**Student:** 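First the structure, which I've put down as structure tokens, then a few questions once you've had a look.
Bear in mind the structure is a predicted one, so any value in this text is a computation, not a measurement.
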Amino acid sequence: MSVVDWSRLTGISADLIAKRLKAGWSVELALTAPLDTRGRKRKPKVKQPKDRLALPLPALVDYQRDMHTAHRRLSQSVRAFIREMEQQMADLRHGLDQLMAAQQADIYRGRVENFEESRPDRMSPSAPDSL
């Protein structure tokens, strides 16, 4: 039977049946599980098979837990590093803004008559001619 036919027969919407099947529910469970009307839809718990190979290995569980812990610590340290770098950049930007404001104030007050010639890191206009 199609999903629509099962929907008519069970009273569960075809959309919900299709979502349950897509989520990995068995056909029997998708067609017989009651509707959860309390809000969030939850997938019913599926019993673990008794087969020993299907159960997770204890060493693998320990490894996953250790990797999760290491990942969490690494993420925390990276976030702390980024916060510290952002603070240093903000301090540098603030200092640079203050320096630029002071230089602009000096220029506007007339303390520096010729700003271009007062800078010691500039080459004099005659320097390239002497080379």
Side-chain angles (χ1 to χ4, degrees):
M1 292 175 64
S2 70
V3 173
V4 175
D5 294 335
W6 280 113
S7 172
R8 288 185 193 128
L9 186 64
T10 62
I12 300 173
S13 73
D15 223 15
L16 182 59
I17 294 172
K19 285 180 185 177
R20 287 177 172 182
L21 292 173
K22 196 173 196 177
W25 290 29
S26 69
V27 174
E28 180 182 338
L29 190 58
L31 297 174
T32 59
L35 297 174
D36 185 10
T37 58
R38 293 175 291 157
R40 183 174 173 213
K41 308 275 189 268
R42 292 194 175 103
K43 181 178 175 182
K45 291 184 179 181
V46 178
K47 292 181 182 178
Q48 290 288 335
K50 303 259 183 203
D51 184 13
R52 179 72 179 143
L53 294 176
L55 297 175
L57 300 173
L60 180 59
V61 172
D62 292 342
Y63 174 78
Q64 287 174 333
R65 185 188 62 241
D66 294 343
M67 287 295 103
H68 178 72
T69 303
H71 182 265
R72 187 173 55 247
R73 285 185 190 145
L74 180 64
S75 296
Q76 289 171 348
S77 62
V78 166
R79 282 193 299 271
F81 174 76
I82 290 172
R83 278 193 303 270
E84 183 180 330
M85 293 303 297
E86 286 174 343
Q87 182 60 44
Q88 289 179 2
M89 291 299 294
D91 293 344
L92 287 172
R93 280 193 303 269
H94 180 69
L96 183 60
D97 288 343
Q98 286 182 333
L99 179 64
M100 294 298 293
Q103 286 179 350
Q104 290 296 325
D106 287 344
I107 290 171
Y108 288 129
R109 288 186 188 126
R111 291 186 184 161
V112 179
E113 290 77 25
N114 192 342
F115 184 70
E116 294 298 322
E117 291 179 7
S118 69
R119 296 193 53 189
D121 61 338
R122 303 260 178 179
M123 291 179 22
S124 63
S126 60
D129 298 334
S130 63
L131 292 176

**Student:** Would you call Glu84 and Gln88 a side-chain contact if the rule is heavy atoms closer than 4.5 Å?
**Tutor:**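 Sidechains of Gln88 and Glu84: in contact.
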**Student:** May I have the step-by-step check of side chain to side chain donor-acceptor pair (under 3.5 Å) for His68 and Gln64, ending in yes or no?
**Tutor:** CA-CA 6 Å; His68 178 72; Gln64 287 174 333; over 6 Å; no
**Student:** Between Leu21 and Met1, is there a shared hydrophobic cluster once you connect ILVMFWY residues whose side-chain heavy atoms come closer than 4.5 Å?
**Tutor:**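 Looking at the clustering, Met1 is in the same group as Leu21.
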**Student:** Is Ser7 reaching over with its side chain to a backbone N or O of Val3, donor-acceptor style, under 3.5 angstrom?
**Tutor:**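 Checking the backbone N and O of Val3 against the side chain of Ser7, no donor-acceptor pair under 3.5 Å is found.
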**Student:** Which residues pass the side chain to side chain donor-acceptor pair (under 3.5 Å) test with Arg73, sequence neighbours left out?
**Tutor:**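 For Arg73 there are no side chain to side chain donor-acceptor pair (under 3.5 Å) partners, ignoring immediate neighbours.
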**Student:** Before you tell me yes or no, could you show the steps for His94 and Gln98 under side-chain contact (heavy atoms from CB on, under 4.5 Å), namely the whole-Å CA-CA distance, both residues' side-chain angles and the distance that decides it to 0.1 Å?
**Tutor:** CA-CA 6 Å; His94 180 69; Gln98 286 182 333; 3.0 Å; yes
**Student:** Drop me the distance from Met100's CE to Arg93's CZ, to the nearest 0.5 angstrom.
**Tutor:**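 One finds 15.5 Å between CE of Met100 and CZ of Arg93.
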**Student:** Within a 6.0 Å radius of atom CD on Glu28, are there more than 12 heavy atoms belonging to other residues, nucleotides or ligands?
**Tutor:**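 Check fails, neighbour count at 12 or below.
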**Student:** Check for me, please, whether Val4 and Leu31 land in the same ILVMFWY cluster - side-chain distances under 4.5 Å, paths through other members count.
**Tutor:**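 No, no single cluster joins them.
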**Student:** Leu92 and Met85: same hydrophobic cluster, using ILVMFWY side-chain contacts below 4.5 Å?
**Tutor:**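 The answer is no; the residues belong to distinct hydrophobic clusters.
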**Student:** Begin from the C-alpha positions of Asp62 and Arg65 and carry the test side-chain contact (heavy atoms from CB on, under 4.5 Å) through to its verdict.
**Tutor:** CA-CA 5 Å; Asp62 292 342; Arg65 185 188 62 241; 3.1 Å; yes
**Student:** On a heavy-atom basis, which atom in Ile17 and which in Ala30 lie closest, and how many Å separate them?
**Tutor:**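 Looks like CG1-O, 4.3 Å.
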**Student:** Atom CD1 of Ile82 and atom CE of Met89: how far apart are they, to the nearest 0.5 Å?
**Tutor:**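 The distance works out to 13.5 Å.
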**Student:** Where is the tightest heavy-atom contact between Leu29 and Arg20, given as atom of each residue plus distance?
**Tutor:**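 Distance-wise, the nearest heavy atoms are O-NH1, 4.0 Å.
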